[in-house]
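This report refers to the structure that appears directly beneath it.
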Amino acid sequence: MPVAVALSGGADSLLALCLLQEQGYDPVAVHASFLGCGPKEQRLQEQLAGVCAQRGVALHCLDLQETFEQQVIYPFVQAYARGLTPNPCAWCNRRIKFGKLVQEVQGLGSNLVATGHYATLRRDCRYPPGLYRGRDAGKDQSYFLALVSREQLEAALFPLSGWRKEEVRAELARRGLSAVTARESQEICFIPHNDYRIFLNVQGTQLPGPGKIVDSYGRFWGWHEGLHKYTVGQRRGLGIACSEPLYVLKKDVNNNTLMVGPRSELHATSCRVRLINDLVRVTSWPEQVWVQTNYRQPAGLARVQEAEQGLAVLFDEPRSPAAPGQIAVFYSQQGRVLGGGEIHG
RNA sequence: UGGGGUGUAGCCAAGCGGUAAGGCAACGGGUUUUGGUCCCGUCAUUCGGAGGUUCGAAUCCUUCCACCCCAG
């Protein structure tokens, strides 16, 4: 069965390729570049070609820079300009890796795209496929996949679903292979030096200006440098000396004001979510769901009600406030992704 | 001008004769396919200045300076 494997250069996708090959698939390697074809990218492509040749697999390199700029980078910048905290990786999965890339791959004669994501798809001969957390709880990436639609999941394959991160390199070594790129992908791939604030400044977009920092009692504490430089829950970088650490509680876009407070005030009992992707119809969700509003923060129990503007999410226990623009992912008790959406308040 | 009070790192602050706690901020690093969180590390040869007492002073004494409060 023909299947395209999206190779990034990292260890994960390379092992995915090997596993599929050994399972009897007929894989084709696809490498998409998002950031143009500079010398670094050229070298990466050459190295990937070498590895693929070693495995007897054809490699196709695709230039998705333009789509990536339009579909990921531009919305990312616009979101910050509006005072939101976007999650570009979640959108990239929906729009690029399981969007544009899948379309491109169909032109190569494959209806399936495999990636090195740590997540599980259960096909139980039912529609749509069930998206579940990966076996490696510490590495589970279902959170970032929660915006991938039912139709897109039909074309997806996650060969690493049952694997643990620490096994991957050893398995590659067993096959005489190693990752082409030294570091694992992390941080925002299109942001140089890992500083999104500098990146925003050179994009030429109108960004919010300086404004006041106040606490929940309205007391003035200082000045902020533009709301796009802060996010809800942030501690470092406020520059305020107090007897205890202060966190960003809220960004008041209308008044261009940053509200801060001590950790004891850093909790929310609800949030509102614009549902973008329902992998299970909301009417079929259990009364209690697990909601995750951040990749690292553990999921918490919540009750969800349909409201005019999406979903009203009531947390069973107060938790750190979710930043508007971030992704909320809803899970069943069994770890199935029920849906995902964008937090807006 | 009388009377009282306070001066310890960028901010807050402990110490009250035995050789400068702690918190915040800042900076550096670690964790992490988003932002953020979290964790670790660094950060006053010196206590407003100058003298003195003492084996030894941020701590006691003298004096000067600065700021604050109350009177007028």
Side-chain angles (χ1 to χ4, degrees), chain A residues 6 8-13 16 34-35 68 72-73 75-77 79-98 115-119 134 136-148 158 160 165-166 168 179 181 183-191 193-200 213 215 221-224 226-251 258 260-263 266-268 292-298 319-329 340 342-343:
Chain A
S8 65
D12 297 333
S13 51
F34 305 140
L35 306 174
F68 188 74
V72 177
I73 298 181
F76 171 85
V77 175
Y80 268 115
R82 287 187 293 136
L84 301 173
T85 305
N87 186 331
C89 294
W91 287 105
C92 176
N93 281 333
R94 178 183 175 93
R95 291 173 171 160
I96 306 294
K97 289 178 185 161
F98 297 97
T115 65
H117 283 105
Y118 290 81
D136 187 341
K139 191 65 185 175
D140 165 49
Q141 290 169 322
S142 60
Y143 176 81
F144 288 108
L145 295 167
L147 300 186
V148 176
F158 303 131
L160 297 191
K165 180 67 190 175
E166 63 260 29
V168 168
T181 50
R183 300 194 63 178
E184 294 301 310
S185 66
Q186 55 181 43
E187 281 98 39
I188 309 178
C189 68
F190 56 89
I191 305 277
H193 312 304
N194 190 25
D195 192 328
Y196 82 90
R197 297 170 178 90
I198 292 174
F199 179 81
L200 291 176
I213 300 178
D215 64 18
W221 279 91
W223 299 94
H224 68 74
L227 290 182
H228 59 287
K229 296 193 173 185
Y230 309 86
T231 189
V232 171
Q234 177 175 335
R235 168 181 170 177
R236 300 187 78 175
L238 292 176
I240 300 172
C242 184
S243 55
E244 59 187 321
L246 297 177
Y247 296 80
V248 174
L249 301 179
K250 196 178 160 191
K251 290 162 76 167
L258 198 63
V260 300
R263 189 176 194 81
L266 190 67
H267 52 74
Q292 199 170 325
T293 53
N294 167 297
Y295 176 50
R296 281 286 147 202
Q297 189 185 29
R319 58 199 337 255
S320 297
Q326 288 284 289
I327 302 300
V329 179
E342 195 174 56
I343 295 155

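For the numbers below, each heavy atom of this structure counts, side chains included, while hydrogens, waters and symmetry mates do not. Chain letters run A, B, ... following the sequence lines, proteins first and then strands; every chain starts at 1.
In this entry A58(B) has no Watson-Crick or G-U wobble partner, no candidate having both defining distances under 3.5 Å. Across all strands shown, U1(B) forms a Watson-Crick or G-U wobble pair, both distances under 3.5 Å, with A71(B). The base-pairing partner of C47(B), taking Watson-Crick or G-U wobble contacts with both distances under 3.5 Å, does not exist among the strands shown. Using N1 to N3 plus N6-O4 or O6-N4 for Watson-Crick, or N1-O2 and O6-N3 for G-U wobble, each under 3.5 Å, U42(B) pairs with A26(B). Under the Watson-Crick or G-U wobble criterion, with both distances below 3.5 Å, A13(B) has no partner in any strand shown.
The shortest distance between the side-chain N/O atoms of R236(A) and the OP1/OP2 oxygens of C39(B) is not below 4.0 Å. Contact check, R235(A) against G36(B): no side-chain N or O comes under 4.0 Å of OP1 or OP2. Between Y118(A) and the phosphate of U32(B), there is no side-chain N or O to OP1/OP2 separation shorter than 4.0 Å.
Checking U37(B), C24(B), G36(B) against the side-chain heavy atoms of Y196(A) singles out G36(B) as nearest. You'll find that the side chain of R296(A) is closest to G36(B), out of G36(B), C11(B), C38(B). When the nucleotides U32(B), C38(B), G10(B) are ranked by their closest atom to the side chain of A241(A), G10(B) comes out on top. For R197(A), the side-chain atoms get nearest to G36(B) when compared with the rest of U37(B), U34(B), G36(B).
To the nearest whole angstrom, the two P atoms, one in U19(B) and one in G30(B), are 37 Å apart. Comparing the same atom, C1', in G36(B) and in C67(B) gives a spacing of 41 Å after rounding to whole Å. With C1' as the reference atom, U31(B) and G41(B) are 15 Å apart, rounded to whole Å. Rounded to whole Å, the separation between the C1' atoms of C68(B) and G56(B) comes to 34 Å. For A57(B) and C16(B), the P atoms lie 16 Å apart once the distance is rounded to whole Å. The separation of U62(B) from G28(B), taken at their P atoms, amounts to 48 Å, rounded to a whole angstrom. Rounded to whole Å, the separation between the P atoms of C64(B) and C27(B) comes to 43 Å.
Counting non-hydrogen atoms under 4.0 angstrom, I240(A) reaches the backbone sugars and phosphates but no base. Across all strands, S243(A) comes closer than 4.0 Å only to sugar-phosphate atoms, never to a base (heavy-atom distances). Looking at heavy-atom distances under 4.0 Å, F76(A) makes no contact with the nucleic acid at all. At a threshold of 4.0 angstrom between heavy atoms, the contacts of C89(A) are confined to the sugar-phosphate backbone, with no base atom among them. Using a 4.0 Å heavy-atom criterion, one finds that G237(A) contacts the sugar-phosphate atoms exclusively. Nucleic acid contact class of D140(A) (heavy atoms, under 4.0 Å, all strands): none. Looking at heavy-atom distances under 4.0 Å, I327(A) makes no contact with the nucleic acid at all. Using a 4.0 Å heavy-atom criterion, one finds that Y230(A) contacts no nucleic acid atom at all. Residue-level contact check: Q297(A) touches neither bases nor backbone, having no heavy atom under 4.0 Å from any strand. Using a 4.0 Å heavy-atom cutoff across all strands shown, Y295(A) reaches at least one base atom of the nucleic acid.
K251(A) approaches T231(A) most closely through the heavy-atom pair CD-CA, 4.2 Å.
F68(A) has its ring centre less than 6.0 Å from the ring centre of F190(A). Taking the six-membered ring for Trp and the full ring otherwise, F144(A) and Y295(A) have centroids separated by under 6.0 Å.
When the shell of 6.0 Å around NZ of K229(A) is examined, it contains more than 12 heavy atoms from other residues, nucleotides or ligands.
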Report task. Applying ring-ring contact (aromatic ring centres under 6.0 Å, His included), run through Y196(A) and Y80(A) and close with a yes or a no. Result -> CA-CA 10 Å; Y196(A) 82 90; Y80(A) 268 115; 4.5 Å; yes
